[in-house]
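Worksheet: the structure to be examined is printed underneath.
In what follows, chains carry the letters A, B, and so on, assigned in the order in which the sequence lines appear, proteins first and then strands, with residues in each chain numbered from 1. Only heavy atoms go into these numbers, but all of them, side chains included; no hydrogens, no water, no symmetry mates.
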There are 2 protein chains.
Amino acid sequence: MSNTKALPLLDPAPGEAAAPCCPPLTERPFTADEAETAARMFKALGDPVRLRLFSAVASHEGGEACVCDISDVGVSQPTVSHHLKKLKEAGLLTSERRGTWVFYRVEPSVLAAMGRLLTRAAPTS
Amino acid sequence: MSNTKALPLLDPAPGEAAAPCCPPLTERPFTADEAETAARMFKALGDPVRLRLFSAVASHEGGEACVCDISDVGVSQPTVSHHLKKLKEAGLLTSERRGTWVFYRVEPSVLAAMGRLLTRAAPTS
DNA sequence: CACCTGTATCGATGAGCGTCAACATAGACG
DNA sequence: CGTCTATGTTGACGCTCATCGATACAGGTG
């Protein structure tokens, strides 16, 4: 159930390619709400296995990969599935069943939003 | 104890301002070692309170702030101290006692390294 | 020196998370 | 329809972590 439900970490403003959840970290102190939203993304990438899976998908051809292609991360198959689900719930990945295999694909706008988060707003001093 | 011990998440290559621990996420599948290193940074920012504290320091004037200026995040003072220690251990902050107060300051090179991690290598989708 | 303020540490507690084995489901193929 | 492969789900276990109150330490002030 809830296959279509994935809490978006971005404002899905139509017409805007990537509306970030928050300003750059260095621009303003985060509010409790902004911090909660952004921390969810960071926490999703805060596990080595998840980071490897995400990197494997992101670096794969076309930005998508079958589970069978990336499941060699040293943990059991249920654990891989569990982490992929977590990444999907965090809005970092989307999944699509294609015949026997399930393909995961990165959400490019989220990547851009996170990059903007860490972009130094004022590099001077 | 271990006041001077802070595991650096960057290669402290002399002469190189910011030597990132890892390539961009989209460039190559992370190795187990790279993932472990990078995940430590993400995990440090994966808590709303820590993210607020870090953002408060990063956005403060001069990139540094006294604890008394940023400790209004809804948790007790020991918890604030605990999270600041975690951020320091992750290499994201440095601390310096100046009289009565302790000032925390961001490590700019780490911020740049993390930004590079999330920089899309191939923006042409 | 006594006292006050700011910050760190300690010990405990409760919640959350990563992991696995076992089982369930989906599609392909005969 | 039966079976095989690929993937997701469930339940349980152990560990880590976020949080707090109490306490300790540091430094300024009288």
Side-chain angles (χ1 to χ4, degrees), chain A residues 1-6 32 35-36 39-54 56-57 60 64-90 92-105, chain B residues 1-7 32 35-36 38-54 56-57 60 64-90 92-105:
Chain A
M1 66 191 87
S2 75
N3 192 10
T4 47
K5 183 200 168 196
E36 197 117 7
R40 228 173 300 165
M41 297 191 294
F42 286 118
K43 194 197 270 183
L45 296 179
D47 181 86
V49 174
R50 275 198 296 269
L51 198 52
R52 279 228 272 173
L53 290 171
F54 185 76
V57 174
H60 209 264
E64 77 173 11
C66 161
V67 178
C68 55
D69 285 330
I70 60 176
S71 54
D72 190 19
V73 287
V75 294
S76 67
Q77 176 269 323
T79 303
V80 170
S81 191
H82 168 73
H83 284 306
L84 287 172
K85 184 182 180 183
K86 282 279 190 102
L87 287 168
K88 197 165 81 172
E89 285 174 353
L92 296 170
L93 294 179
T94 60
S95 68
E96 176 196 358
R97 171 150 232 142
R98 204 174 302 162
T100 305
W101 299 279
V102 175
F103 288 80
Y104 281 82
R105 129 180 321 270
Chain B
M1 64 193 97
S2 76
N3 191 13
T4 47
K5 183 199 167 196
L7 72 160
E36 196 118 5
R40 226 173 301 165
M41 297 191 294
F42 286 118
K43 194 198 270 184
L45 295 179
D47 181 88
V49 174
R50 274 199 296 270
L51 198 51
R52 279 228 273 174
L53 290 171
F54 184 77
V57 173
H60 210 263
E64 77 173 12
C66 162
V67 178
C68 56
D69 285 331
I70 60 177
S71 53
D72 190 20
V73 288
V75 294
S76 69
Q77 177 269 320
T79 303
V80 170
S81 190
H82 168 73
H83 283 306
L84 287 173
K85 184 183 180 183
K86 283 280 188 103
L87 288 168
K88 197 166 80 174
E89 285 173 354
L92 296 170
L93 293 180
T94 60
S95 68
E96 177 196 357
R97 172 150 232 142
R98 204 175 302 162
T100 305
W101 299 280
V102 175
F103 288 79
Y104 280 81
R105 134 182 314 273

Could you tell me the separation between the [atom1] atom of [X] and the [atom2] atom of [N], rounded to a whole number of Å?
| X | N | atom1 | atom2 | answer |
| --- | --- | --- | --- | --- |
| B:R97 | D:dA26 | CZ | P | 8 Å |
| B:K43 | C:dC17 | NZ | C1' | 10 Å |
| B:L51 | D:dA18 | CG | P | 13 Å |
| B:L84 | D:dT19 | CG | C1' | 15 Å |
| A:K85 | C:dT19 | NZ | C1' | 15 Å |
| B:F103 | D:dA26 | CZ | P | 19 Å |
| A:L45 | C:dG18 | CG | P | 12 Å |
| A:E89 | C:dG16 | CD | C1' | 14 Å |

Output the single nucleotide from [options] whose closest atom is nearest the side chain of [X].
| X | options | answer |
| --- | --- | --- |
| A:V75 | C:dT7, C:dC20, D:dT7 | C:dC20 |
| B:S81 | D:dT7, C:dT19, C:dT9 | C:dT9 |
| B:W101 | D:dT19, C:dT7, D:dC17 | C:dT7 |
| B:P78 | C:dG18, C:dA21, C:dT9 | C:dT9 |
| B:H82 | C:dG18, C:dT7, D:dA18 | D:dA18 |
| A:T100 | D:dA18, C:dA28, C:dG6 | C:dA28 |

**Prompt:** Under the criterion side-chain contact (heavy atoms from CB on, under 4.5 Å), which of A:L84, A:T94, A:L87 is the partner of A:Y104?
**Reply:**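 So the option named by the test is A:L84.
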Sugar-phosphate only, base, or nothing, as touched by [X] at under 4.0 Å among non-hydrogen atoms:
| X | answer |
| --- | --- |
| B:V80 | nothing |
| B:R98 | nothing |
| A:H83 | sugar-phosphate |
| B:Y104 | sugar-phosphate |

**Prompt:** Do side-chain atoms of A:R52 reach the backbone of B:A35 as a donor and acceptor pair under 3.5 angstrom?
**Reply:**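 Judged by distance alone, no pair lies under 3.5 Å.
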**Expected output: side-chain B:R50 to main-chain B:H83 donor-acceptor under 3.5 Å** =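 Between the backbone of B:H83 and the side chain of B:R50 there is no qualifying donor-acceptor contact (under 3.5 Å).
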**Prompt:** If you take atom types as modelled and just measure distance, does the side chain of A:Q77 reach the base of D:dG8 with a donor-acceptor pair under 3.5 Å?
**Reply:**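 Side chain to base: pair present.
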[X] side chain N/O closer than 4.0 Å to the phosphate oxygens (OP1, OP2) of [N]?
| X | N | result |
| --- | --- | --- |
| B:S76 | D:dT19 | no |
| A:T79 | C:dG18 | no |
| A:K88 | D:dG8 | no |

Quick one: [atom1] on [X] to [atom2] on [Y], what's the gap to the nearest 0.5 Å?
| X | Y | atom1 | atom2 | value |
| --- | --- | --- | --- | --- |
| A:E96 | A:C66 | CD | SG | 12.0 Å |
| A:R40 | A:E89 | CZ | CD | 11.0 Å |
| A:I70 | A:F103 | CD1 | CZ | 10.5 Å |

**Prompt:** Want to settle it: does A:G46 or B:C68 sit nearer the 5' end of DNA chain C, counting the closest nucleotide to each?
**Reply:**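 Closer to the 5' end of DNA chain C: B:C68.
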